[in-house]
Amino acid sequence: MITALLAVLKGSIKTFVLIGSMATVGAGLLTLVIGMDTPLAPWERQSSAMFPPVLFTLASFVATVAFCASTVVYHSLLKMITNKPDQWWRISGVLFLVVYGTFSFSSQSVEAAIMLNILHLIVGIPALILIPSAVNNTENLSS
């Protein structure tokens with residue numbers, strides 16, 4: 001199981017880097033070029049300090065690649081419990097985008113929440129489309 005999962009992760013790395021690059025470009029455009037607010041800095045819980053824009057842009061790549069890798073694990077778990085893992089993965093992905101998008105308005109400035117929602121759409125829509133096909137292609141090649 002772990003060997004197969006590692007093979008799928010390795011075969012999907014190009015997709016992860018592509019989606020991570022889209023996140024980095026999107027975060028850079030939204031925060032550095034347009035100047036939108038970033039989220040609150042997680043290391044400053046008692047203040048209203050915002051994430052530094054350059055750090056947020058770079059962190060977007062790392063967070064996106066890590067998130068995409070975790071979705072491959074989730075997709076593999078869905079394959080073990082259902083006959084339609086792609087469908088359930090997409091449904092749960094859309095639900096995540098809706099719930100997180102709604103939640104972000106309660107914990108950030110409105111501008112930061114809008115920026116995060118745009119960024120999550122930049123990442124989420126390609127991930128919903130590309131990751132299942134990348135996982136399935138990698139599994140077909142390794143079989």
From Cys68 SG over to Ile131 CD1, what is the distance, rounded to the nearest 0.5 angstrom? 3.5 Å

Minimum heavy-atom separation for Leu119 to Ser60, with atom names? CD2-OG, 4.0 Å

Got a second to check how far Ile34's CD1 is from Glu111's CD, nearest 0.5 Å? 9.5 Å

Check whether Ser76 reaches the backbone of Val72 with its side chain - one donor and one acceptor, N or O, closer than 3.5 Å. yes

Distance (rounded to the nearest 0.5 Å) between Lys79 NZ and Asp86 CG: 6.5 Å

Kindly compute the distance separating CZ (Phe56) from CZ (Phe61), expressed to the nearest 0.5 Å. 15.0 Å

Same cluster (ILVMFWY, side-chain, under 4.5 Å), Val99 and Leu121: no

Please report whether the ring centroid of Phe96 lies less than 6.0 Å from that of Phe67. yes

Heavy atoms, side chains only, cut-off 4.5 Å: are Met50 and Pro39 in contact? no

Evaluate the side-chain contact (heavy atoms from CB on, under 4.5 Å) criterion for residues Ile114 and Asp37: first the C-alpha distance (whole Å), next the side-chain angles of each, then the deciding distance (0.1 Å), finally the verdict. CA-CA 9 Å; Ile114 291 169; Asp37 285 347; over 6 Å; no

May I ask you to decide if Ala112's main-chain N or O and Ser109's side chain share a donor-acceptor pair within less than 3.5 Å? yes

Do any N or O atoms from the side chain of Ser104 and from the backbone of Gly101 form a donor-acceptor pair under 3.5 angstrom? yes

Which atoms form the tightest heavy-atom contact between Thr38 and Met115, and what is the distance? CA-CE, 4.0 Å

Which distance, rounded to the nearest 0.5 Å, do you find between the CG of Leu116 and the OH of Tyr100? 4.5 Å

Taking all atoms of both residues into account, what is the closest heavy-atom pair of Ala23 and Val123, and its distance? CB-CG2, 3.4 Å

Output the distance between atom OG1 (Thr57) and atom CG (Leu29), rounded to the nearest 0.5 Å. 9.0 Å

With the side chain counted from C-beta on, respond yes when Leu58 and Val62 share a heavy-atom pair under 4.5 Å apart, and no when they do not. no

Counting only N and O atoms by type, is there a donor-acceptor contact under 3.5 Å from the side chain of Thr64 to the main-chain atoms of Gly20? no

Could you go through the side-chain contact (heavy atoms from CB on, under 4.5 Å) check for Val94 and Ile91 one step at a time? CA-CA 5 Å; Val94 169; Ile91 289 169; over 6 Å; no

Go through the steps for Leu128 and Trp89 under the test side-chain contact (heavy atoms from CB on, under 4.5 Å), then give the verdict. CA-CA 8 Å; Leu128 289 172; Trp89 187 80; 3.8 Å; yes

Output yes when a side-chain donor or acceptor of His75 lies under 3.5 Å from a complementary backbone atom of Thr71, and no otherwise. no

